[in-house]
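Heavy atoms only: backbone and side chains are in, while hydrogens, waters and symmetry mates are out.
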Amino acid sequence: MIEGSGDRRHLKLIADICVALISIGSILSYTSHSKVGQLLRLVGQFGIISFYIWRVNFNKYRFIYPIVFTFVMYPLLVASLGIYNNLNQTLAYVFFFLWFICSLICISENYSDDLSGLIKIFYNTIVATLGFLFIFYRGISLNITEIIQSIISNNRYGGYISTARVSMGFQNVNQLGLFAVVLTVFSIYYLVKRKNIIYNIFILCISVILILNSGSRTPILTLVVFFIIYFVYHLKSVFLQILGKTIIIISCILIYFLFIYLIYFSNTDSSFFQLIDGLFSFRISFSQEAVALTSKLGNQIVGIGPMSSSFIQNMYTGGNYAIDSSVAYYILTLGWVGSFGLNWCILFLMFKLNKNTDSFVISIFGFFVAYAFFENVLFTPNSGLGIIILSIVFTSISQKSNNIKEYMCT
């Protein structure tokens, strides 16, 4: 059946609306309007899956096989052996993960020839949603110097209105910083392309102010990662580019193993541990608690099974602490085997992106992975950051698959 141009326009409009709902819902789900946000996201995902799952050329998405194996087949296999105690949680996680992956595939299928259009929808919806929250909640301070000093000195919890952390309706101030830094990255993307320069400079300034008001250091650190990767991929010299990529890869490996070392083997009383733990806002200490919990349950190799972070917090940690880091979350839930699969998924996607040489997408994926050390966002079904970044990553890879096929057919 051949579709007319009118049909394609209507389908494109439906896809745009669905993606906008997913984006708005993903942001609002972290706010006091979480129920509305979750509903909007589910409606958007249902719409995009219903209209596009039948049109997907799955041959373009073989790159998701390692992801599906790690987060679907592996947990089901371990659960079938009776190792996981919370079978219902595992099955629910697998269902929502498949729902999540299907929505990403359908988004990338629709925008495989229009990546810039997808980025534009995410950009505009983040601007609109944060703008609404800004007007509704206010409370933003323009005492930038004092705010920066409070962030540097880690004195972000005082009662002074000029330096107090601002949530702007988000349940956690770090979530404001998260979406504000995504807005920062997108505004930089449009500035590099020299589109609407005055408008995007304005949005860039607003997003930086929001990051600083949130008092979150993670956006600043991950933004540095984004700039480093983007800079390396734009070096004119091939030798310097290869050297820069090599340094980045070695640095990533060293940081990862340092993180693992601190979790498993470090002396918690040492000044070095306390310095790094403070920089990570005590996430390493919480990660150690996760490892201790895994050892207590006797499932270090395969984990305790994938489940929601809120369930883990209520069931296993007594509500005393949350497992924020993706590294710690997967060590706890999928064990050493699943963590190895996670690393393989990251490396495989990085290889596919590097092969396609899209510097912005590679940089934003590196930014995403860096964020995962601080927040549980990596391949998490309900992660707003994951939905936005992985939609762009999947679309970029499928876009290149289309270009290769068209080249081979000509």
Side-chain angles (χ1 to χ4, degrees), residues 12-48 103-104 107 110-111 114-142 166-193 195-214 216 219 223 360 364 367-368 371 377 382-392 395:
K12 183 67 166 57
L13 177 61
I14 292 171
D16 289 348
I17 293 172
C18 289
V19 172
L21 290 175
I22 292 170
S23 180
I24 295 170
S26 296
I27 301 170
L28 290 180
S29 64
Y30 291 97
T31 70
S32 54
H33 310 283
S34 58
K35 297 296 183 184
V36 174
Q38 291 166 8
L39 178 62
L40 290 176
R41 185 179 64 207
L42 287 173
V43 169
Q45 289 176 319
F46 178 79
I48 198 83
S103 65
L104 294 180
I107 290 172
N110 184 73
Y111 294 94
D114 188 21
L115 178 60
S116 61
L118 177 62
I119 294 173
K120 183 178 180 180
I121 293 174
F122 284 136
Y123 182 51
N124 289 336
T125 50
I126 295 173
V127 169
T129 309
L130 291 184
F132 161 75
L133 294 172
F134 176 81
I135 294 170
F136 192 80
Y137 290 98
R138 303 181 185 179
I140 297 298
S141 171
L142 296 179
V166 175
S167 66
M168 216 169 74
F170 284 91
Q171 296 167 356
N172 187 310
V173 289
N174 292 327
Q175 292 155 356
L176 170 60
L178 184 154
F179 289 107
V181 75
V182 174
L183 189 60
T184 302
V185 170
F186 285 159
S187 61
I188 292 169
Y189 168 80
Y190 282 109
L191 285 172
V192 170
K193 289 184 171 292
K195 292 186 176 180
N196 301 322
I197 293 176
I198 296 176
Y199 172 76
N200 287 301
I201 289 176
F202 172 74
I203 296 298
L204 176 61
C205 293
I206 294 296
S207 62
V208 170
I209 290 172
L210 293 179
I211 291 171
L212 294 176
N213 272 263
S214 74
S216 179
L223 195 58
F360 173 76
I364 204 172
F367 154 87
F368 176 56
Y371 224 105
V377 296
N382 63 347
S383 165
L385 183 64
I387 289 171
I388 293 170
I389 303 301
L390 290 177
S391 293
I392 294 171
T395 302

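- Screening residues 14-28 for salt bridge (charged side-chain N to carboxylate O under 4.0 Å, His left out) gives Lys12-Asp16 as the qualifying pairs, with residues at least two apart or on separate chains.
- Every residue was checked against the side-chain hydrogen bond (donor to acceptor under 3.5 Å, both in side chains) condition with Ser391, not counting sequence neighbours, and none meets it.
- In terms of heavy-atom proximity, Gly44 sits nearest to Cys18 at O-CB, 3.5 Å.
- When side chains are defined from C-beta on, Tyr189 does not count as touching Ile364, because their heavy atoms never get closer than 4.5 Å.
- Separation of atoms OH (Tyr371) and OG (Ser383) is listed at 10.0 Å; rounding is to 0.5 Å.
- Distance CG/Leu21 to CZ/Arg41: 12.5 Å, rounded to 0.5 Å.
- Across all their heavy atoms, Gly177 and Pro219 have their closest contact at O-CG, 3.5 Å.
- Counting heavy atoms of neighbouring residues, nucleotides and ligands inside a 6.0 Å radius, atom CD1 of Ile198 does not exceed 12 of them.
- Of the candidates Val36, Val43, Leu42, Val36 is the only one forming a side chain to side chain contact (heavy atoms under 4.5 Å, CB included) with Leu40.
- Residues Leu176 and Tyr30 form no side-chain contact, since every pair of their non-hydrogen atoms from C-beta on lies 4.5 Å or further apart.
- In terms of heavy-atom proximity, Leu385 sits nearest to Phe367 at CD1-CE2, 4.2 Å.
- For Thr184, the side-chain hydrogen bond (donor to acceptor under 3.5 Å, both in side chains) partners at least two apart in sequence or on another chain are Ser207.
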Side-chain donor-acceptor pairs under 3.5 Å in residues 125-133, sequence neighbours left out?
residue : atom : partner : partner atom : Å
Thr125  : OG1  : Ser23   : OG           : 2.7
Thr125  : OG1  : Ile121  : O            : 2.7
Thr125  : OG1  : Phe122  : O            : 3.0
Thr129  : OG1  : Thr125  : O            : 2.7

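- Counting heavy atoms from C-beta on, the side chains of Phe368 and Val185 never come closer than 4.5 Å.
- Annotation: side-chain hydrogen bond (donor to acceptor under 3.5 Å, both in side chains) contacts of Tyr137 (sequence neighbours excluded): Ser32, His33.
- In this structure, the separation between OG on Ser216 and CG on Leu210 is 12.5 Å, given to the nearest 0.5 Å.
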**Q.** Stepwise side-chain contact (heavy atoms from CB on, under 4.5 Å) check, Asn174 with Leu178
**A.** CA-CA 6 Å; Asn174 292 327; Leu178 184 154; over 6 Å; no

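- Checked against side-chain hydrogen bond (donor to acceptor under 3.5 Å, both in side chains), Asn200 has the following partners two or more places apart in sequence or in another chain: Tyr123.
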Q. When you look at Asn213 and Met168, which way does the side-chain contact (heavy atoms from CB on, under 4.5 Å) test go after all the steps?
A. CA-CA 9 Å; Asn213 272 263; Met168 216 169 74; over 6 Å; no

Q. Stepwise, does the side-chain contact (heavy atoms from CB on, under 4.5 Å) test hold for Ile107 with Ile22?
A. CA-CA 10 Å; Ile107 290 172; Ile22 292 170; 4.0 Å; yes

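- Once rounded to the nearest 0.5 Å, the distance linking CD1 of Ile203 with CG of Asn196 reads 10.5 Å.
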Q.
Is there a side-chain contact (heavy atoms from CB on, under 4.5 Å) between Tyr111 and Ile392? Walk through the geometry before answering.
A. CA-CA 9 Å; Tyr111 294 94; Ile392 294 171; over 6 Å; no

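- Taking the centre of each ring, Tyr190 and Phe186 stay at or above the 6.0 Å mark.
- In this structure, CG in Leu204 is found 10.0 Å from CD1 in Ile209, a value given to the nearest 0.5 Å.
- We find the OG-CD1 distance between Ser29 and Ile24 to be 12.0 Å, quoted to the nearest 0.5 Å.
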